[in-house]
2 protein chains.
Amino acid sequence: MNIEQEDNRLAAIFKVLSEPNRIRILRILYHAGRELTCSEISQQLNISKSTVSYHFKALRLAGLTNTRQEAQAKYLSINRAAFDRYLPHFLETL
Amino acid sequence: MNIEQEDNRLAAIFKVLSEPNRIRILRILYHAGRELTCSEISQQLNISKSTVSYHFKALRLAGLTNTRQEAQAKYLSINRAAFDRYLPHFLETL
DNA sequence: CTCCTTATTCGATGAGTATCGAACTAAAAG
DNA sequence: CTTTTAGTTCGATACTCATCGAATAAGGAG
């Protein structure tokens, strides 16, 4: 990958992290120590499910979270490998 | 500072870093190992001076860079303390 | 099969952002 | 004093984004 593309990739990851509600989602996930669903986050943050779904997608596309489907629910968890690579020690500060 | 404000603050720092040209400015600054002016960056990145000035301001307001005025020129340098605090080891990966 | 729960997508909307050139300010050089 | 150099600010523009509710899809429970 050339250096311009690398800059774009890095900027894209930061863009995902540049939204307070997405930081909150990561913090909640990190401290929960377990997977959480869209609905659970929606209640905790008091924002609509559609907005939470939108943020979930952004986090997932950036590779910052993992998703596990179980029945009709979708469980979100943090992808530690991605954080270790791009932002070591970031999660611990949340 | 309460946790919501902390999330906002963190998100604000990431927002500044979410623009490819600002990442490029930081990378150029880091590897140059010296202060650089608006005009120098403008030439290297091939974007207008007004746009560079806009990005300089964003970096400065976020506390990520220092500015030193000398005559009519303004020299920009990286604020290592800020990176050490919020993003340790980030600069080294640029 | 019908209803409930969970999640996604769509359309709209309001807000924010990156970019440029032009106009302006201020200092240095001639 | 006029010209050059460096930087900021302004107005315009095009684009992106966060948010919501409504509509849709799909699995689970009765």
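Computation of the quantities below employed the complete heavy-atom set of this structure, encompassing side-chain atoms and omitting hydrogens, waters and symmetry-equivalent molecules. Every chain is numbered from 1, with letters handed out A, B, ... down the list of sequences.
A donor-acceptor pair under 3.5 Å links the side-chain atoms of A:N79 to the main chain of A:G63, judged by distance alone.
Listed nucleotides: D:dC20, C:dC20, C:dT19. Nearest to the side chain of B:S48: C:dC20. The side chain of A:S53 lies closest to C:dA7, out of C:dC20, C:dA18, C:dA7. Side-chain atoms of A:N21 lie closest to D:dT19 of the nucleotides D:dT19, C:dT19, D:dT8. When each of C:dA7, D:dT19, D:dG27 is scored by its nearest atom to the side-chain atoms of A:A71, the top-ranked nucleotide is D:dG27. The nucleotide whose nearest atom lies closest to any side-chain atom of B:S50 is, among C:dT5, C:dG21, D:dT5, C:dG21.
In this structure, CD of B:E19 is placed 12 Å from C1' of D:dT16, rounded to the nearest angstrom. Following rounding to the nearest Å, A:I47 (CD1) and D:dC17 (P) show an atom-to-atom distance of 17 Å. Between the CZ atom of A:F56 and the C1' atom of C:dT8 there is a distance of 13 Å, rounded to whole Å. Atom C1' of nucleotide C:dT19 and atom CD1 of B:I41 are separated by 17 Å, given to the nearest angstrom. The separation between A:Y75 atom OH and C:dT8 atom P is 13 Å, rounded to whole Å. Spacing between atom NZ of A:K15 and atom C1' of D:dC15 amounts to 11 Å, rounded to whole angstrom units. Look at NZ on B:K49: it is 13 Å from C1' on C:dC20, rounded to the nearest Å.
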Kindly determine whether B:Y75 and B:L36 satisfy side chain to side chain contact (heavy atoms under 4.5 Å, CB included), including the steps that lead there. CA-CA 5 Å; B:Y75 289 91; B:L36 293 173; over 6 Å; no
Please assess A:E92 against A:F83 for the test side chain to side chain contact (heavy atoms under 4.5 Å, CB included), listing each intermediate value before the final yes or no. CA-CA 10 Å; A:E92 287 71 16; A:F83 281 94; over 6 Å; no
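OP1 or OP2 of C:dT19 sits under 4.0 Å from a side-chain N or O of B:H55. For the pair A:K57 and C:dA7, the criterion of a side-chain N or O lying under 4.0 Å from OP1 or OP2 is not met. In this model, the phosphate group of D:dT8 is approached by a side-chain N or O of B:K74 to a distance below 4.0 Å at OP1 or OP2.
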Dot-bracket notation for DNA chain D, counting Watson-Crick and G-U pairs under 3.5 Å, with | for partners on another strand: ||||||||||||||||||||||||||||||
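B:Y54 comes within 4.0 angstrom of a nucleotide base, judged by non-hydrogen atoms across all strands. At a threshold of 4.0 angstrom between heavy atoms, the contacts of A:T51 include nucleobase atoms, whether or not backbone atoms are also involved.
Residue A:S48 comes nearest to A:S42 through the heavy atom pair C-OG, 3.8 Å, listed as atom of the first residue, atom of the second, then distance. B:A73 and B:T37 get closest at one heavy-atom pair: CB-CG2, 4.3 Å. The two residues A:I23 and A:L17 come nearest to each other via the heavy atoms CD1-O, 3.3 Å.
Checked against the 6.0 Å centroid threshold, B:F14 and A:F90 count as a close aromatic pair.
Between A:E70 and A:R22, the one whose closest nucleotide on DNA chain D sits nearer the 5' end is A:R22.
Note on B:E40 versus B:R34: salt bridge recorded, some NZ/NE/NH1/NH2 to OD/OE distance being below 4.0 Å.
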